[in-house]
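Working notes, beginning with the structure itself.
A quick note: this is a predicted structure, and the numbers were derived from the prediction, not measured.
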2 protein chains.
Amino acid sequence: MTTARSKSGNPKRDGKVGNLRTEQKAQTRALILQCALEVFAERGFDGASVRDIAGFAGVNHGLIRYHFADKDGLWKAAVEFLFNRLHEEMAAPPEDAKLAPLEQTKSWIRRYVRYCARHPEHARIMVQESIRDSDRLRWAVKRFIKPDNEETRRRFRRLVEEGVYPDIPEHSFNYIITAAAQSMFMLANEMKYIYGLDVASDDVVDAHAEAIITLLFDHRARRAAVRRPKS
Amino acid sequence: MTTARSKSGNPKRDGKVGNLRTEQKAQTRALILQCALEVFAERGFDGASVRDIAGFAGVNHGLIRYHFADKDGLWKAAVEFLFNRLHEEMAAPPEDAKLAPLEQTKSWIRRYVRYCARHPEHARIMVQESIRDSDRLRWAVKRFIKPDNEETRRRFRRLVEEGVYPDIPEHSFNYIITAAAQSMFMLANEMKYIYGLDVASDDVVDAHAEAIITLLFDHRARRAAVRRPKS
DNA sequence: AATTTGGTTATCCAATTGAATAGCAGGGAG
DNA sequence: CTCCCTGCTATTCAATTGGATAACCAAATT
């Protein structure tokens with residue numbers, strides 16, 4: 001367990017807003033949050049100990065109580081951070097507005113796959129929590145997952161209505177797409193041991209996004225990608 | 001926590017092989033294993049306590065040490081059980097041998113989706129363990145996951161060589177297919193809160209299998225399933 | 001009937017954990 | 001310069017945990 005912070009931090013001001021103490025406080029809070037993300041992702045809520053998280057951040061474990069009240073509060077703050085970042089990083093580029101729905105969806109898939117590769121903690125934390133049943137899950141579903149889901153549903157319904165997508169059950173669509181995008185990066189360890197492949201490689205990430213698009217969103221490209229039989 | 005076993009068990013013999021003690025022993029072992037599956041699936045390795053598992057099974061927690069040496073041994077025995085059951089229940093029916101590779105694959109998907117719905121603990125336990133990195137994961141990969149995976153790879157390669165499937169990376173294929181089949185059932189709690197849907201329903205299960213086949217394995221059926229645009 | 005065996009329970013132990021409380025030290029207001 | 005506020009640390013506490021040991025007792029063996 002390496003400590004991520006030296007005893008004294010960096011007390012040099014960089015001339016920004018706020019006084020030194022509030023700034024330091026915010027920094028410490030952010031540091032703890034970052035470490036909490038890693039530890040929660042790797043060990044799940046029960047498996048993660050506030051002491052490990054604090055040790056990882058190089059602070060006294062009492063501080064977590066001060067900043068986040070209790071372990072539950074820390075988890076919720078971490079999840080809040082995750083979804084805020086997701087929303088920021090998943091914003092569609094303005095030029096997407098001109099594209100047809102199916103093309104918009106392909107662009108969305110590319111962004112989402114790259115997000116999953118960049119931040120595997122997100123899926124790791126949420127999946128571990130969704131496997132169990134808890135107040136935390138209900139909180140996260142109500143606050144973040146369900147609203148995001150509504151958007152995916154709208155996207156899907158539009159594709160179906162435009163006649164470019166088969167009318168499968170919405171929940172099947174949702175779980176097939178998101179799982180296909182997340183799983184490889186969420187299970188990077190497993191993949192390392194099976195294929196000896198490092199998921200961090202950009203090649204692997206982009207190829208995965210294109211594979212999903214080929215299989216699920218582009219049956220023209222798909223037919224072309226199929227090798228002609230020898231006959 | 002309900003106890004699954006009364007104090008005295010059922011001491012009546014049913015005239016089978018083996019003496020009473022060995023039979024009882026096997027029964028107790030199986031009972032503990034069953035409870036371990038549930039608890040490991042719900043809470044992960046770290047979150048599950050041997051005392052809870054023992055309490056669930058209605059036995060003293062010392063017994064787990066006797067039957068499985070330690071917590072690790074219990075987990076491994078549980079996983080061994082899971083994969084043995086998987087192999088039994090996933091055996092292809094003899095008539096499949098006559099089918100073309102693509103049709104065999106569709107049949108395999110139907111069997112796998114139903115398996116995932118019937119035994120969601122399997123994916124729950126393995127995914128939680130694959131998210132972390134541990135000796136247990138390496139053990140499971142070497143012993144079960146990788147061999148099973150080789151088979152899926154062969155299946156995939158044959159489809160590609162027959163010219164009925166696009167030549168995407170093998171690992172992408174693997175994670176897209178398995179994740180698409182598992183995730184909805186693995187995350188049944190989440191789905192319950194998002195869609196209010198009970199995953200146990202046969203309708204939902206079969207429809208999900210067909211959705212996967214439509215999207216991923218049957219672009220002819222897929223085109224037919226797409227509503228024609230109004231134009 | 002007496003003795004041994006082995007599945008099971010009761011109990012203990014050290015380590016870890018989440019939480020609570022008291023105290024410290026240095027920045028900031030006066 | 002002085003004092004207070006607050007971000008942070010040190011320490012304590014009760015509960016839980018995995019594991020170890022010894023006692024128990026009914027089935028099996030003789």
Kindly list each side-chain donor-acceptor pair under 3.5 angstrom involving residues 140-148 of chain B, sequence neighbours excluded, with atom names and distances?
{"residue": "Arg143(B)", "atom": "NH2", "partner": "Glu80(B)", "partner atom": "OE2", "Å": "3.0"}
{"residue": "Asp148(B)", "atom": "OD1", "partner": "His87(B)", "partner atom": "NE2", "Å": "2.9"}
{"residue": "Asp148(B)", "atom": "OD2", "partner": "His87(B)", "partner atom": "NE2", "Å": "3.0"}

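A search for side chain to side chain donor-acceptor pair (under 3.5 Å) contacts involving Arg138(B) returns Tyr193(A), Asp133(B), Asp135(B), not counting sequence neighbours. In this structure, Ser201(A) has no side chain to side chain donor-acceptor pair (under 3.5 Å) partners at least two apart in sequence or on a different chain.
Between the P atom of dT6(D) and the CG atom of Leu63(A) lies a distance of 16 Å, rounded to the nearest Å. Between the CD1 atom of Ile64(A) and the C1' atom of dG18(C) there is a distance of 11 Å, given to the nearest Å. Here dG19(D) presents its P atom at 14 Å from CZ of Phe68(B), a figure rounded to the nearest Å. Gln24(B) has its CD atom 11 Å from the C1' atom of dT8(C), to the nearest Å. Look at NZ on Lys25(B): it is 15 Å from C1' on dA28(D), rounded to the nearest Å. A straight line from CG of Leu74(A) to P of dT17(C) spans 15 Å, rounded to a whole angstrom.
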* Structure fact -> Per-nucleotide protein contact along nucleotides 11-18 of chain D, 5' to 3', at a 4.0 Å heavy-atom cut-off (B base, S sugar-phosphate only, - neither), is BB----BB

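Ring centroids of Phe185(A) and His208(A) are separated by less than 6.0 Å, placing the two rings close together. Taking the six-membered ring wherever Trp is involved, the centroid distance between the rings of Tyr115(A) and His119(A) falls below 6.0 Å.
Sorted by first then second residue, the salt bridge (charged side-chain N to carboxylate O under 4.0 Å, His left out) pairs that include residues 59-69 of chain B, not counting sequence neighbours, number zero.
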Identify all pairs in which a protein N or O lies below 3.5 Å from an N or O of nucleotides 23-27 of chain C, and state each distance.
{"residue": "dG26(C)", "atom": "N2", "partner": "Arg21(A)", "partner atom": "NH1", "Å": "3.0"}
{"residue": "dG26(C)", "atom": "N2", "partner": "Arg21(A)", "partner atom": "NH2", "Å": "3.0"}

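A salt bridge links Arg157(A) with Glu170(A); the closest basic N to acidic carboxylate O contact falls under 4.0 Å.
The neighbour count for Glu150(A) CD, taken as heavy atoms of other residues, nucleotides or ligands under 6.0 Å away, is above 12.
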